[in-house]
Amino acid sequence: MTVGALHDSLATRYNREKAQSQRPITRKEILVSIAAYEQRLQALEAAIADIRSQQSARDADRSIRPTDELTPDVDHLLVPAVPPKQLARFPAKLCRVETGPRDLALSQAEWTALNIGEADE
Amino acid sequence: MSNHDWYELTEGSSLLQGDLLKDCPVFAVTGSLSWPPGPAADFEIEAKVFDLVVMTQSCDLENEKVEDVLLAQLVAWSDVVRTEVERGNDSVRSRKFRKLLVDGNVPGLSLLHRRDSRPALPWSVVDFHRLFTLPKAFVTRFAARSGPRLRLRSPYREHLAQALARYFMRVGLPHDAKAFEQEGGIM
């Protein structure tokens with residue numbers, strides 16, 4: 001609320017109360033009311049400034065996430081590459097090259113569950 | 001190309017689901033792993049060479065939606081029989097087991113048809129118990145250097161993908177309904 005609007009509001013109130021009451025509102029009362037409103041207005045403006053500064057800090061800290069610009073139900077060329085929580089690189093030495101196993105990786109339980117029995121040939 | 005041929009020939013770096021890659025290495029860190037590693041961490045990796053089948057969806061590969069490729073082991077049937085018999089498992093030689101494979105009724109396994117013309121392929125089994133991922137860039141380079149190679153045709157490639165899905169989606173019940181075989185015979 002601007003100070004001008006505040007004056008208008010007080011003037012309206014003054015006229016209304018003057019019409020309702022024969023007791024005139026003193027100049028001192030009007031000044032006290034204006035001071036109270038201005039105090040509240042300054043407190044509100046300080047609070048808004050504080051909230052705006054906090055929001056700016058949050059915006060600065062917040063990195064752009066891969067999903068921020070994705071539109072639902074639209075086919076995108078790339079799956080968002082969410083970075084790993086931690087990435088560490090270490091040197092390693094290739095120590096062995098060998099042929100992989102050539103059996104079936106069925107467990108004994110799986111063979112049993114197949115209920116095949118022995119070879120029939 | 002015969003309609004009976006499960007495969008088509010391809011060459012170059014393009015990758016699709018159902019592409020066969022012969023003698024492709026997969027890499028693993030050997031020894032015991034611990035985290036975080038100490039300051040003197042000395043990692044050793046080993047490469048195991050497998051025949052592999054690309055299992056990642058073709059559209060994901062073509063549209064650059066994946067950074068890694070899912071691969072499953074492909075093993076020649078003759079090698080399966082030899083190694084299983086060597087370790088004392090004669091069940092692998094039974095006709096019933098072959099029938100189960102033909103019908104797609106062995107969870108985790110999928111039979112691939114032989115191919116006589118070059119490049120030839122013996123009767124083979126895809127084993128979903130051995131799944132690997134490799135960086136797509138690596139697999140692409142490997143495929144480009146592989147010369148003419150086999151690619152499963154549709155609908156055989158989808159049939160293979162369905163076998164993997166069936167393997168992955170299966171649910172074991174703590175108490176099954178086998179009693180119905182006996183108790184259901186009321187007619």
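Per chain, numbering begins at 1; letters A, B, ... match sequence-line order. This is a predicted model, so every value here is computed, not measured.
- In A:Arg40, the CZ atom is not crowded: 12 or fewer heavy atoms of neighbouring residues, nucleotides or ligands sit closer than 6.0 Å.
- Rounding to the nearest 0.5 Å gives a distance of 7.0 Å between CD of A:Gln108 and CG of B:Asn89.
- Residues B:His129 and A:Leu106 form a side-chain contact, since some pair of their non-hydrogen atoms from C-beta on lies under 4.5 Å apart.
- With a 4.5 angstrom heavy-atom cutoff, B:Pro37 touches chain A only via side-chain atoms.
- Across B:Val80, B:Asp127, B:Thr83, B:Val81, a single residue satisfies side-chain contact (heavy atoms from CB on, under 4.5 Å) together with A:Arg102, and that is B:Thr83.
- For A:Ala88, the part lying under 4.5 angstrom from a heavy atom of chain B is the side chain only.
- Note: B:Phe43 CZ to A:Leu94 CG = 15.0 Å, rounded to the nearest 0.5 Å.
- When hydrophobic clusters are built by joining Ile, Leu, Val, Met, Phe, Trp and Tyr residues whose side-chain heavy atoms come closer than 4.5 Å, directly or via intermediates, B:Leu16 is not grouped with B:Leu9.
- Contact annotation for A:Glu110: only side-chain heavy atoms (C-beta onward) come within less than 4.5 Å of a heavy atom of chain B.
- For B:Glu86, the CD atom sits in a packed shell: over 12 heavy atoms of surrounding residues, nucleotides or ligands are nearer than 6.0 Å.
- Atoms OG1 and CZ, on B:Thr30 and A:Arg96 in that order, are 6.0 Å from each other to the nearest 0.5 Å.
- In this structure, A:Gln39 places its CD atom where only 12 or fewer heavy-atom neighbours from other residues, nucleotides or ligands lie under 6.0 Å away.
- Within 6.0 Å of CZ in B:Arg87 there are more than 12 heavy atoms belonging to other residues, nucleotides or ligands.
- Between the B:Lys96 side chain and the A:Asn115 main chain, a donor and an acceptor come within less than 3.5 Å of each other.
- Distance alone, capped at 3.5 Å, is enough to place a donor-acceptor pair between the B:Gln73 side chain and the A:Pro101 backbone.
- To the nearest 0.5 Å, the span separating CD on A:Glu98 from NZ on B:Lys48 amounts to 5.0 Å.
- When all heavy atoms of A:Ile116 and B:Ser91 are compared, the closest pair comes out as CG2-O, 3.7 Å.
- Proximity to chain A (any heavy atom under 4.5 Å) is restricted, for B:Val125, to the side chain, taken from C-beta onward.
- Cluster annotation: B:Ile45 is connected to B:Leu33 through the hydrophobic network of ILVMFWY side chains, with a link wherever side-chain heavy atoms come within less than 4.5 Å.
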Kindly indicate, with the supporting measurements, whether the criterion salt bridge (charged side-chain N to carboxylate O under 4.0 Å, His left out) is fulfilled by B:Arg130 and A:Asp103. CA-CA 11 Å; B:Arg130 293 200 179 104; A:Asp103 60 340; 2.9 Å; yes
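- Ring geometry, B:Trp35 versus A:Phe90: the interplanar angle exceeds 60°, so the pair is classed perpendicular (tilted spans 30 to 60°).
- In the hydrophobic clustering of ILVMFWY residues, with side-chain heavy atoms under 4.5 Å counting as a link, A:Ile30 and A:Val32 come out apart.
- By the 6.0 Å contact criterion, NZ on B:Lys136 is enclosed, its count of non-hydrogen atoms from other residues, nucleotides or ligands being greater than 12.
- To the nearest 0.5 Å, atoms CD (B:Glu84) and CG (A:Leu104) are separated by 5.0 Å.
- Contact of B:Val75 with chain A is made through the side chain alone, with heavy-atom distances under 4.5 Å.
- B:Val102 and A:Leu114 end up in the same hydrophobic cluster when Ile, Leu, Val, Met, Phe, Trp and Tyr side chains are linked at under 4.5 Å.
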